[in-house]
Amino acid sequence: MLQQLRYLLLQVRNTDDPMKQQEVNCFARSLDVDTSQIAVFDLLGGPLTEVDLVSHDVVFIGGSGHYSAAGEGRWLEIALESLRVVHDLRKPTFASCWGFQAMARAMGGRVVHDLNRAEIGVHHVNLTAAGQADPIFGPAGDILQGLMGHEDTVVELPPGTELLASTDRVENQAYRFLDRPIYCTQFHPELDRESFLGRLNTYPEYVEKIAGLSLDEFRHSIHDTPETMALLKRFVQEIAPRHLNQT
């Protein structure tokens, strides 16, 4: 089933960002599919349209090297409108990190830049009652461990969503839309320890700013988080097929 689907990854990364291809590799690895099944659309290059989506079954939205969902700018207005197209078409979608924040803002939530609530590394993620009952999150257990790195925080969820998970520092860590197959997580279920450290090697300034440690000191606290890594595959296996004939 996973090998038969066509995936579209929406990216917000500079053309010289070495994580552009790494991000594709991470989603492919997490699903056990070939990278050739994952097409990429650059949200910095212009608006996404219905035509761009019609030939794809599942949409992913990942992180961002140097772009904020809490800021302003023409590029962000275009990106947020593109996410509204995804939402309107009810495309099966899984958004993480920047995608989590941008989808919230696009659909009426609120995102702020707040270093006091910034998180980096492995954090305990507590499921809400809705998360524990959810078919994607519930099987993972009441408390997960998630790899994350963010300075922006979703402080208000958009209408028509329910909260699935929180950390001690950040209440809104995962949510889903009630009437659409769209799941969003602040943490990165597509990353393992090696790929997360690859991100930190590319953006080492965030480690010192958020954790107050050097990268060499910090890397020893990073480990795989298999319970959250399983979320993506479970989403594609259980949620996406129910909606493919409706889009």
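To the nearest 0.5 Å, atoms CE (M103) and OG1 (T161) are separated by 11.5 Å. Considering CD of E190 and CD of E23, their distance stands at 6.5 Å, rounded to 0.5 Å. From F187, atom CZ reaches atom CG of L231 across 5.5 Å, with rounding to the nearest 0.5 Å. With values rounded to the nearest 0.5 angstrom, H66 atom NE2 is found 9.0 Å from R13 atom CZ. To the nearest 0.5 angstrom, R199 atom CZ is 5.5 Å from H188 atom NE2. Expressed to the nearest 0.5 Å, how far OG1 of T167 lies from CD of Q145 amounts to 13.0 Å.
Summarising the local packing, CD of E208 is surrounded by 12 or fewer heavy atoms from other residues, nucleotides or ligands at distances under 6.0 Å. Other residues, nucleotides and ligands contribute at most 12 non-hydrogen atoms within 6.0 Å of the NE2 atom of H124. The local environment of CD in Q21 is crowded, with over 12 non-hydrogen atoms from other residues, nucleotides or ligands closer than 6.0 Å. Heavy-atom neighbours of D16 CG from other residues, nucleotides or ligands within 6.0 Å: above the threshold of 12.
Contact annotation: the side chain of F218 never approaches that of I210 to less than 4.5 Å [non-hydrogen atoms, C-beta and beyond]. Counting heavy atoms from C-beta on, the side chains of T128 and F137 never come closer than 4.5 Å. L163 places a side-chain heavy atom less than 4.5 Å from the side chain of E171. Residues L191 and T225 are not in side-chain contact: their nearest non-hydrogen atoms beyond the backbone lie 4.5 Å or more apart. Proximity of Q101 to S64: side-chain heavy atoms (C-beta onward) are nowhere separated by under 4.5 Å. Residues E50 and V85 form a side-chain contact, since some pair of their non-hydrogen atoms from C-beta on lies under 4.5 Å apart. For the pair V12/I61, no side-chain contact is recorded, criterion being any heavy-atom separation below 4.5 Å from C-beta on. V170 places a side-chain heavy atom less than 4.5 Å from the side chain of H150.
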*Stepwise, does the side chain to side chain contact (heavy atoms under 4.5 Å, CB included) test hold for T202 with Q22?*
CA-CA 11 Å; T202 302; Q22 193 239 36; over 6 Å; no
_Would E162 and L178 count as a side chain to side chain contact (heavy atoms under 4.5 Å, CB included) here? Give the steps._
CA-CA 7 Å; E162 68 176 358; L178 294 171; 3.7 Å; yes
*Evaluate side chain to side chain contact (heavy atoms under 4.5 Å, CB included) for L147 paired with T228, printing each intermediate quantity in order.*
CA-CA 9 Å; L147 285 162; T228 50; over 6 Å; no
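For D224 and R193, the salt-bridge test fails: no basic side-chain N is under 4.0 Å from an acidic carboxylate O. A salt bridge is absent between R84 and E77; no separation between the charged side-chain nitrogens and carboxylate oxygens falls under 4.0 Å.
Both Y203 and V207 belong to a common hydrophobic cluster when Ile, Leu, Val, Met, Phe, Trp and Tyr are linked at side-chain heavy-atom distances under 4.5 angstrom. Both I38 and Y183 belong to a common hydrophobic cluster when Ile, Leu, Val, Met, Phe, Trp and Tyr are linked at side-chain heavy-atom distances under 4.5 angstrom.
In terms of heavy-atom proximity, P158 sits nearest to F177 at CG-CZ, 4.0 Å. Among all heavy-atom pairs drawn from D152 and Q186, the shortest one is O-OE1, 3.8 Å.
F60 pairs with exactly one of F100, W98, F94, Y7 by the ring pair (Phe, Tyr, Trp, His ring centres under 6.0 Å) rule, that one being Y7. Each of L31, V33, I136 was scored for a side chain to side chain contact (heavy atoms under 4.5 Å, CB included) with V236, with one residue passing: L31.
Side-chain atoms of D216 and S214 include no donor-acceptor pair closer than 3.5 Å. For the residue pair Q37 / Q4, no side-chain donor-acceptor distance below 3.5 Å is found, with atom types taken as modelled.
Remark: the backbone N or O of L164 is not paired with any side-chain donor or acceptor of R176 at under 3.5 angstrom. No side-chain donor-acceptor contact under 3.5 Å links T153 to the backbone of D114. Distance alone, capped at 3.5 Å, is enough to place a donor-acceptor pair between the N201 side chain and the L197 backbone. In terms of modelled atom types and a separation under 3.5 Å, the side chain of R169 and the main chain of E119 share no donor-acceptor contact. R180 contributes no side-chain N or O that, together with a main-chain N or O of R90, makes up a donor-acceptor pair within less than 3.5 Å. Using a distance-only test at 3.5 Å, with no hydrogens or angles considered, a donor-acceptor pair links the side chain of Q11 to the main chain of K20. K91 contributes a side-chain N or O that, together with a main-chain N or O of H56, makes up a donor-acceptor pair within less than 3.5 Å.
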